[in-house]
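See below for the structure under consideration.
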Amino acid sequence: MPLPESFTLEEVAARGRAALARSEMDFQDWARTYADVLSPLQWGQVLTKVIYPDFRTDWKNAPGTLQEATEIAIRKLLYIEPRKVYPLYNALLRVEGISLLSREKLISLMLETAREIAFLAGKQPIHHSKIVYNHSLKIRELVFELDPLQKSNNLLLLYDAIKREDELAILTYASAVAESISSGPEIVDLSEEIAFLDVARHLLDEGYLEVFFDLLEVFAQKMPQPRRRSVMAALSLLSEIYLPERAESYKALSTSKDWLSGFGIELIYRLMEESKSLGYSVVAEKLLSLASEEEEKSANFIYLLENAMALFAKAALTDKVKLIIDRFLSLWPLESLQVIKEKLINQEPVNDNIQSLARALMFSVCFFINYVSDDRKTIRKLTQISADILYSILLSYRENLDLDSFSSRSQNLANQHRSSCPRKLRVGYLGICFMSHSVGLMSQQILASHDTENIEVYYYYLMGLATEEILSSDPLYQSFLLHKAHFRQFPKNTSLKEILRTIRDDNLDILVHLDSLTDRISNYVMAYRCAPIQCSWLGGDSSGLPTLDYFFVDPYLLPDEAKEDYREELIRLPAYAAVSQLAVDPQDHQVFSQTLNITPKNTLLFTAAHAYKRNDQCVEAHLRILLNSPNAVLVVKGKGEAPSMIEMYRKRAKELGVEDRIRFLARTEYTGLHRGQLGLFDLMLDTFPYTGATHTMEALYMGLPVLTLVGRHYFGRMSYSLLKNVGLDDCIAWSIEEFIERGIQLANNPELLKKAKQTIRDSYDRSIIWDPERLARAMEKVYFDLAYKHQLIESVPPLQENQAEPRSTQRIRLHIGGKEPHPDWKILDIQAREHVDYVGNAKDLSQFADGSVEAIYASHVLEHFDYIRELPIVLKEWHRVLRFGGELMISVPDLPTLCRLYLREGVSPEERFRVMRMMFGGQTDEYDYHKVGFSWEYLFMLLTQAGFRIIRKVDKFGLFNDCSDMSFLGEPISLNVIAIK
């Protein structure tokens, strides 16, 4: 029946609300009555009004069905107050005769909404983020009531309970997780259990040991043999470390041989990654002990030795890493490896021991030697002979892969391409990095800048452990998807044969390897040659495979004499990487300072690196700088086994008497938060012999100087290259002694640090490392030159001009509302008067172009704008006209201080009146009214929302004689803040 004209939607909703209040059955009768007569849009609007009578009824898109309208209405209500929606959807689930909502769809909808809200929480200021995140947890708690066996939801609730230290909730949700595992499918792949292992690690770190081992036992029981025994071997060892009373019960469930299946070692890797507990080092010692029981040089011996080396590296025990590398090289010196290579060339049979050795040398020894040695020649000799051995072994499997001869294929392709010139070059990029990964970060904006009129781009993403669900919330992956490129994705179990066939069928001209030695499969692909021209770039030092033709470096990464150590031809780009924009979540430096127990007088030194990069010499240099810098505090942050890293620094710091000036900072959940922290430090101390790349780029982006020691190999010169490109020569050292000396000079001289920070800001206009498009043009020129050299094209077409280094334009420094003239500043004021250079309202700077202002100074100006309509517009406008790296210096009346002064005992009426005028303005004319009061927290939030990267409170600016320095009754009354775009 149609809805009577005399009824409004509000009245229908009121009847539904009354019915729901009486009983679920009455509400179901109401739903059956009105669902038949309302349109889907009206039905959705009525459902929202049942819970919230005043809810706005305008929907952007009209739903097509009643089911769709029901789902949209519930989603809207979940965003407001989940608990109030519970009786509504609970009743709708059981309405007979009409299909309005299924339990499965409801759970899916609620989980999706919870994820969306949690994602939004990560974008909020810290003080608001927790409120938003708790909202998503409320939804998940409701999902738990609907489906207590929803594993992923239970894991997230358990994780939150651990963070809250709610023991009852931990036991409840851990029991639910255990039941969901027991009733679920068999576990055959740890890569699909990342969320579970992450939560298990938190249980271990926070000391919930009984719960940890209970869950891991259930987890192990769902595995097939022999993997179950391998996991029990790992649990047995972990119990000896953390819960000895359980160790006896595990001993009969495994033997030392069960470690060799690898599953237990993989479990240790995943459990201990990012852990605050010991584990890597203890397991490494166990593997070393087991290796001694195996036949020397056997496949088992090699396997145990290389895994022990990797675990020691993760525990920052680089001395032990070096000992294992020395062991490898004593058992297989270069002369011995040369003999193995020649035998393989002569097609002698390949046994398991040689295959294991080839993989261990290439992907473990040659990988980790860069962290403990600076001897480029030895490293390159070892890398290239290891690559030759691996290559010869791979060639023996060529027939199994059904590959035709690429030389004839290449020639046919070249002939075909030459006949159709001019044409686009087909360039492919191969790697594991098309996601949140350091190489992805450093390459994404360059690749996005390719001129697709000249270059047809292909991405070959070896997904490894990544899944579409994981990648759905990965911003870098989502950015790559938007590029004008053919995106080929290969999930973990894709065969090498299929990968090779896919890439070869794309008929590339050039294939660029992005992984160096960080991934095995990508090296196998490069070994079987999938393009006439193959290059290595960005992922690290070249892997040395004989099928690599070129290695892209820059003027600084390798000295000229290094070309003797490479079989690949070195191609020098203007820089090895470039970024123009990085996501940053500004950090509240007041909260940050309290967390670290530091004062404004402290110079903040910082070091951030993986445990791989830590060694005694590096730690000693950092602490020597600290020792000779009395006002400095050193903050240490890094990935790997945290207790080992902390002990490295703490033990030596105690010996030097500086233990009270060292802090340890937990890793942040989001890279944007990490970058926000970078903006609050004064000087970053690099590691050596393996220096920073991504860390250094991020630090420079945030205006943080980096002190580096230049090495002799590729990895020892990554920071050096970036510093040279921004002109930061004062932060470059050529010996450990000079590194310490320069560190002491910088840490004790604020003017030197200020100069270094200004050098970085000046580089934003001119350095190519901030100009991905310019670097992309340079790469394209190289690609066409190489294609012409290899006779793939008949001529190089006209390309977009690879412009020279841009000239810095003259920018002004704008003093808003200024009264006194200054040769370096231009005054803008709303009224024309003497010394005013620009007349205009501060909320409309349309007379200034984007990025045309070097700095803005505004003392006691912002309080004249209302906080509803004007303030957000004003700050966005000021942000717009500032250059990247430009400074906004703001002084406003500090409302908490004024309130305290107003209420102070003994203050006279005249003094209270003066405080009141500071709050509300002098009101001498239409412009002299204050419309908002500021606290640090409120101003920080406004500046964050306007887009400023770095926001710091300062005591004074020391630029003008104005209210920023004003004191009343012995207290400064101004809140002074510097915000950097």
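Index from 1, following the sequence.
Ring geometry for Tyr690 against Phe715 counts as parallel: the plane angle stays under 30°, on a 0 to 90° scale with 60° as the upper cut. Ring-plane geometry between Phe606 and Phe681 is classed as parallel, the angle between the planes falling under 30 degrees on a 0 to 90 degree scale with a further cut at 60.
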Trace of the side-chain contact (heavy atoms from CB on, under 4.5 Å) decision for Glu887 with Arg761: CA-CA 10 Å; Glu887 291 185 325; Arg761 284 197 291 273; 3.9 Å; yes
I'd like to know whether Thr759 forms a side chain to side chain donor-acceptor pair (under 3.5 Å) with Asp762, so could you lay out the CA-CA distance, the side-chain angles of the two residues, the decisive distance to 0.1 Å, and finally the verdict. CA-CA 5 Å; Thr759 298; Asp762 291 341; 5.5 Å; no
Applying salt bridge (Lys or Arg N to Asp or Glu O under 4.0 Å) to Glu751 and Lys755, what does each step give before you reach the verdict? CA-CA 6 Å; Glu751 288 304 313; Lys755 177 188 172 187; over 6 Å; no
So Trp770 and Asn725, side chain to side chain donor-acceptor pair (under 3.5 Å) or not? Walk me through it. CA-CA 10 Å; Trp770 312 122; Asn725 266 296; over 6 Å; no
side-chain contact (heavy atoms from CB on, under 4.5 Å) between Val636 and Ile646, intermediate numbers included: CA-CA 8 Å; Val636 181; Ile646 290 172; over 6 Å; no
Dump the intermediate steps for salt bridge (Lys or Arg N to Asp or Glu O under 4.0 Å) on Glu285 and Lys320, then the final yes or no. CA-CA 10 Å; Glu285 293 288 1; Lys320 296 198 173 186; 2.3 Å; yes
Checking Leu685 against Leu634 for the side-chain contact (heavy atoms from CB on, under 4.5 Å) test, could you report, in this order, the C-alpha distance in whole Å, the side-chain angles of both residues, the deciding distance, and whether it holds? CA-CA 9 Å; Leu685 305 180; Leu634 174 63; 4.1 Å; yes
Stepwise side-chain contact (heavy atoms from CB on, under 4.5 Å) check, Asn749 with Gln745: CA-CA 6 Å; Asn749 192 328; Gln745 289 172 350; 5.9 Å; no
Check the pair Asp686 / Thr708 against side chain to side chain donor-acceptor pair (under 3.5 Å), numbers first and verdict last. CA-CA 5 Å; Asp686 207 356; Thr708 194; 2.7 Å; yes
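Proximity of a side-chain donor or acceptor of Asn597 to a complementary backbone N or O of Gln594 within less than 3.5 Å is not detected. Looking at Thr668, its side chain does come within 3.5 Å of a backbone N or O of Tyr670 through a donor-acceptor pair. Side chain of Arg572 to backbone of Leu558: a donor-acceptor contact under 3.5 angstrom is found. No donor-acceptor pair closer than 3.5 Å links the side chain of Asp198 to the backbone N or O of Tyr159. At distances below 3.5 Å, not a single donor-acceptor pair connects side-chain atoms of Arg949 with backbone N or O atoms of Thr944. Here the side chain of Tyr764 pairs a donor or acceptor atom with the backbone of Tyr701 at under 3.5 angstrom. A distance-only check finds no donor-acceptor pair linking the side chain of Gln677 to the backbone of Gln587 [under 3.5 Å]. Of the possible polar contacts, none joining the Ser721 side chain to the Tyr556 backbone as a donor-acceptor pair under 3.5 Å is found. One N or O on the side chain of Ser292 and one on the backbone of Ser289 form a donor-acceptor pair closer than 3.5 Å. Although no hydrogens or angles enter the test, the distance criterion places no donor-acceptor pair under 3.5 Å between the side chain of Ser373 and the main chain of Ile369.
Closest heavy-atom contact between Cys731 and Pro705: SG-CB, 4.1 Å. Considering all non-hydrogen atoms of both residues, Pro689 and Asp374 come closest at CB-CB, 4.2 Å. Residues Arg663 and Leu596 approach most closely at NE-O, 2.5 Å, considering heavy atoms. Between Phe328 and Met309, the shortest heavy-atom distance links the atoms CE1-CE, 4.3 Å. Shown here for Leu557 and Asp554, the closest heavy-atom pair between the two residues is N-OD1, 2.7 Å. Closest non-hydrogen pair, Ala308 versus Leu288, comes out as CB-CG, 4.1 Å.
Checked against the 6.0 Å centroid threshold, His695 and His674 count as a close aromatic pair. For Tyr612 and Phe368, the ring centers sit closer than 6.0 Å to each other.
In summary, Lys322 and Asp319 do not engage in a salt bridge, as defined by a charged side-chain N under 4.0 Å from a carboxylate O. Ion pairing of Glu738 with Arg742 is present here, as a side-chain N (NZ or NE/NH1/NH2) and a carboxylate O approach within less than 4.0 Å. Ion pairing between Asp682 and Lys757 holds under the 4.0 Å rule for side-chain N and carboxylate O. A salt bridge links Arg624 with Glu620; the closest basic N to acidic carboxylate O contact falls under 4.0 Å. Salt-bridge annotation for Asp616 and Arg652: absent, with no side-chain N of the basic residue lying under 4.0 Å from a carboxylate O of the acidic one. A salt bridge is absent between Arg675 and Asp585; no separation between the charged side-chain nitrogens and carboxylate oxygens falls under 4.0 Å. Classification of Asp375 and Arg712 as a salt-bridged pair fails, no side-chain N sitting under 4.0 Å from a carboxylate O.
Expressed to the nearest 0.5 Å, how far OG1 of Thr383 lies from NE2 of His713 amounts to 10.0 Å. The CE atom of Met684 sits 8.5 Å away from the CD atom of Glu698 when rounded to the nearest 0.5 Å. Atoms CD1 and CG, from Ile980 and Leu943 in turn, are 11.5 Å apart once rounded to the nearest 0.5 Å. If you take CG on Leu753 and CG on Leu683, they are separated by 6.0 Å, rounding to the nearest 0.5 Å. Rounding to the nearest 0.5 Å places CG of Leu722 at 10.5 Å from OG of Ser763. With rounding to the nearest 0.5 Å, the separation of CZ in Arg717 from CG in Leu723 is 12.0 Å.
Around the CD atom of Gln617, the shell of radius 6.0 Å holds no more than 12 heavy atoms that belong to other residues, nucleotides or ligands. Shown here is Glu655, whose CD atom has more than 12 heavy atoms of other residues, nucleotides or ligands within 6.0 Å. For Lys377, the NZ atom sits in a packed shell: over 12 heavy atoms of surrounding residues, nucleotides or ligands are nearer than 6.0 Å. Heavy atoms of other residues, nucleotides or ligands lying less than 6.0 angstrom from CG of Asp326 number more than 12. The number of heavy atoms from other shown groups lying within 6.0 Å of CD (Glu165) does not exceed 12. Within 6.0 Å of NZ on Lys381 lie no more than 12 heavy atoms contributed by other residues, nucleotides or ligands.
Side chains of Asn631 and Thr603: no donor on one and acceptor on the other come within 3.5 Å. For Asn307 and Trp259, the side-chain atoms include no donor-acceptor pair closer than 3.5 Å.
Applying the ring-ring contact (aromatic ring centres under 6.0 Å, His included) rule to Tyr269 yields no partners; only residues at least two apart in sequence or on another chain are considered.
Exactly one of Phe739, Tyr576, Trp734 qualifies for a ring pair (Phe, Tyr, Trp, His ring centres under 6.0 Å) with Tyr720. That residue is Trp734.
For the pair Arg614 and Tyr371, the cation does not sit on the ring face, since its NZ or CZ is not both under 6.0 Å from the ring centre and inside 45° of the axis.
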